[in-house]
*Asks:* 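Encoded as structure tokens, here's the structure I'll be asking about.
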Amino acid sequence: MISGNLQEFIIHKIGNKSLDENLFLTKKTILLDDELKNILNSYFFSSFKNEERYKLHHEFDINLNEVYNCTSKIFDDVNCLQEQSENIAKHLYDQSDHPNIKSGELYVAYFTNCIVDGVETEAIGIFKSENRDIFLDVKQNFEGFDISSKQGININKLDKGCFIFNLKKEEGYILSIIDNTNKSKDAQYWKDNFLKVIILNNEFHQTNQFLTLARQFVSKQLDEDFEITKTDKIDLLNRSVDYFKNHENFDKDEFEEQVFADDEVIQSFRKFDNVYREENKLELDDNFFISENAVKKQSRIFKSVLKLDKNFHIYIHGNKDMIEQGTDDDGRKYYKIYYEQEN
């Protein structure tokens, strides 16, 4: 979880350039009291729960990245926040040239005392609100109640945003990003065109991606190469997660031997691994430090549930030898479960 203290911010209006909507720039920052600061801190920070990190990028020179250039100037002198926020707004407006992109308010904010990955630093937040919700305003009077409706921004739903932390400037700064709108490929301009970022290839990313790779192999590829039962697949998924839970450092050869054991399965996994990395343009190391947070995240996705029609769900967490599959004389399928202790 990321946290920090909002100091000042400014709002601009970003229209859709391709639809001839306007760009509206304001000339002053917003005055904030303590109550409003607390509300806005919650609005800006609460959506940033993903621990994937990014960095600003440019294929030739990082100084040619517009957001990097503006951000660096604000970090050097926060008094230029208003001026550089205009440059950021103009850059975003230039990238808002797809008909699916919604107009909205752009917030450029400066934060102090930010805690990210256990490190305290300052940060610049860039956020965009695109959607409006309808709220009921109920007021009591002497005779009863008055009720009216208002359109406004739901502070529990941040549409787009990023925090740029004043860390590793020479590498393009450390970023955390969300984008909850414009899921279509054509309209994914926030990360690709506006910010121009690449994923930070740290231990969280390495752990997260390799567990995803292993899950995809067991769930989708094994059926094509081998005859395998659902219980065996669940056992392999459990063993994959257990390896990461029980080791501080990842070793690919060791992982393959402990999880898959069989030489033919290992060869199938290595072939799948090579294709998966190439198709997804992944750069994964064969040895890396394991991120506990990435393991916790992936553990929620790895399914250890055996679903039988609509009658039973069997949760398999350990020894697959304690469950036996068969068919009776009447042709009915069954599972026989062994146990040592009833809890």
Side-chain angles (χ1 to χ4, degrees), residues 49-55 57 116-119 167-168 171-172 174-177 191 197-306 315-323:
K49 299 175 182 178
N50 190 345
E51 296 191 48
E52 195 80 84
R53 300 289 178 254
Y54 299 80
K55 58 182 179 180
H57 173 73
V116 55
D117 302 330
V119 178
L167 298 170
K168 299 187 177 181
E171 298 179 21
I174 303 297
L175 278 75
S176 183
I177 301 173
K191 289 194 298 184
V197 296
I198 57 175
I199 288 179
L200 189 65
N201 197 14
N202 57 11
E203 59 267 18
F204 181 92
H205 177 71
Q206 294 270 331
T207 305
N208 189 49
Q209 289 299 323
F210 201 93
L211 275 166
T212 300
L213 186 159
R215 176 167 52 85
Q216 293 290 328
F217 170 71
V218 174
S219 302
K220 298 182 178 180
Q221 184 63 38
L222 269 179
D223 286 333
E224 297 186 11
D225 295 346
F226 305 96
E227 290 186 8
I228 185 169
T229 66
K230 287 185 177 180
T231 53
D232 285 331
K233 290 174 69 173
I234 290 174
D235 179 59
L236 288 174
L237 291 174
N238 285 333
R239 284 158 63 180
S240 297
V241 174
D242 287 343
Y243 175 90
F244 279 84
K245 286 181 177 179
N246 297 323
H247 291 77
E248 293 184 355
N249 294 284
F250 175 80
D251 181 278
K252 186 169 180 287
D253 291 336
E254 182 184 63
F255 171 83
E256 292 169 344
E257 289 293 337
Q258 291 189 14
V259 174
F260 302 123
D262 184 86
D263 288 340
E264 291 186 5
V265 177
I266 291 174
Q267 291 304 316
S268 174
F269 174 72
R270 289 177 177 175
K271 181 179 179 181
F272 179 83
D273 179 13
N274 291 332
V275 173
Y276 185 88
R277 294 186 193 211
E278 184 176 347
E279 288 180 348
N280 293 277
K281 298 179 180 178
L282 290 176
E283 295 183 6
L284 298 179
D285 298 330
D286 290 341
N287 302 86
F288 54 81
F289 180 76
I290 293 174
S291 164
E292 290 185 15
N293 290 332
V295 175
K296 289 179 182 178
K297 174 189 174 184
Q298 284 284 352
S299 295
R300 305 186 194 107
I301 304 173
F302 275 64
K303 298 184 183 299
S304 58
V305 183
L306 183 63
Y315 290 81
I316 304 173
H317 300 294
N319 188 357
K320 71 180 181 66
D321 294 332
M322 301 294 280
I323 183 169

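All figures in this text were calculated on a predicted structure; none of them were measured in a lab.
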*Asks:* Please tell me if the side chains of Leu222 and Val265 come closer than 4.5 Å, counting only heavy atoms from C-beta onward.
*Replies:* yes

*Asks:* With a 3.5 Å distance limit and no angle check, can you tell me whether Asn280 reaches the backbone of Leu282 through a side-chain donor-acceptor pair?
*Replies:* no

*Asks:* How far does CZ of Phe288 sit from CD of Glu203, to the nearest 0.5 angstrom?
*Replies:*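 Result: 10.0 Å between the selected atoms.
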
*Asks:* Listing request: all salt bridge (charged side-chain N to carboxylate O under 4.0 Å, His left out) pairs with a residue in residues 256-272, at least two apart in sequence or in separate chains.
*Replies:*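 Salt bridge (charged side-chain N to carboxylate O under 4.0 Å, His left out) check on residues 256-272 returns Lys252-Glu256, Asp253-Arg270, Glu256-Arg270.
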
*Asks:* Nearest 0.5 Å please: distance from the CD1 atom of Ile174 over to the CG atom of Asp117.
*Replies:* 8.0 Å

*Asks:* With rounding to the nearest 0.5 angstrom, report the CD to CG distance, Gln298 to Leu237.
*Replies:*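 Rounded to the nearest 0.5 Å, the CD-CG separation comes out at 11.0 Å.
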
*Asks:* Is the Phe217 to Phe260 ring centre distance short of 6.0 Å?
*Replies:* yes

*Asks:* Test side chain to side chain contact (heavy atoms under 4.5 Å, CB included) on Asp225 and Phe272 and set out the steps.
*Replies:* CA-CA 11 Å; Asp225 295 346; Phe272 179 83; over 6 Å; no

*Asks:* Filter on salt bridge (charged side-chain N to carboxylate O under 4.0 Å, His left out), then keep only pairs touching residues 275-284, sequence neighbours left out; what's left?
*Replies:* Asp273-Arg277, Arg277-Asp286

*Asks:* Keeping the roles fixed (side chain from Ser176, backbone from Arg53), state whether a donor-acceptor pair exists under 3.5 Å.
*Replies:* no

*Asks:* Which heavy atom of Leu211 sits nearest to which heavy atom of Ala294, and what is that distance?
*Replies:*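 That would be CD1-O, 4.5 Å.
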
*Asks:* Taking atom CD as the centre, does Glu292 end up with more than 12 heavy-atom neighbours from other residues, nucleotides or ligands that are less than 6.0 angstrom away?
*Replies:* no

*Asks:* Could you go through Leu167 and Val116, starting from their C-alpha distance and side-chain angles, then the distance that decides it, and tell me whether this counts as side chain to side chain contact (heavy atoms under 4.5 Å, CB included)?
*Replies:* CA-CA 10 Å; Leu167 298 170; Val116 55; 3.9 Å; yes

*Asks:* With the side chain counted from C-beta on, respond yes when Leu213 and Leu284 share a heavy-atom pair under 4.5 Å apart, and no when they do not.
*Replies:*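 The answer is yes, as the side chains (C-beta and beyond) meet within the 4.5 Å cut-off.
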
*Asks:* Side chain of Asp251, backbone of Glu254: donor and acceptor closer than 3.5 Å?
*Replies:*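 Side chain of Asp251 to backbone of Glu254: a pair is present.
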
*Asks:* Evaluate the ring planes of Phe210 and Phe250, with Trp represented by its six-membered ring, and classify them as parallel (under 30°), tilted (30 to 60°) or perpendicular (over 60°).
*Replies:* tilted

*Asks:* Taking the side chain as every heavy atom from C-beta outward, state whether Tyr276 and Phe269 have any atom pair closer than 4.5 Å.
*Replies:*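 The answer is no; the side chains never approach within 4.5 Å.
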
*Asks:* Any side-chain donor-acceptor pair under 3.5 Å between Gln221 and Ser268?
*Replies:*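 Note: Gln221 and Ser268 side chains miss the donor-acceptor criterion.
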
*Asks:* Minimum heavy-atom separation for Val197 and Leu175, please, with both atom names.
*Replies:* CG1-CD2, 3.7 Å

*Asks:* Looking at every heavy atom in both Arg239 and Gln258, which two are closest together, and how far apart are they?
*Replies:* NH2-O, 3.3 Å

*Asks:* Quick one: closest heavy-atom pair of His205 and Leu200, and the distance?
*Replies:* CB-O, 3.5 Å

*Asks:* For Asn208 and Phe204, indicate whether the former's side chain and the latter's backbone hold a donor-acceptor pair under 3.5 Å.
*Replies:* no

*Asks:* Would you call Ile290 and His247 a side-chain contact if the rule is heavy atoms closer than 4.5 Å?
*Replies:*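 Side chain of Ile290 against side chain of His247, heavy atoms only: contact under 4.5 Å found.
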
*Asks:* Rounded to the nearest 0.5 Å, what's the gap from CD on Glu171 to NE2 on His57? Could you check?
*Replies:*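 Interatomic distance, Glu171 CD to His57 NE2, rounded to 0.5 Å: 13.0 Å.
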
*Asks:* Taking side chain as C-beta onward, heavy atoms only, is Arg215 less than 4.5 Å from Ser240?
*Replies:* no

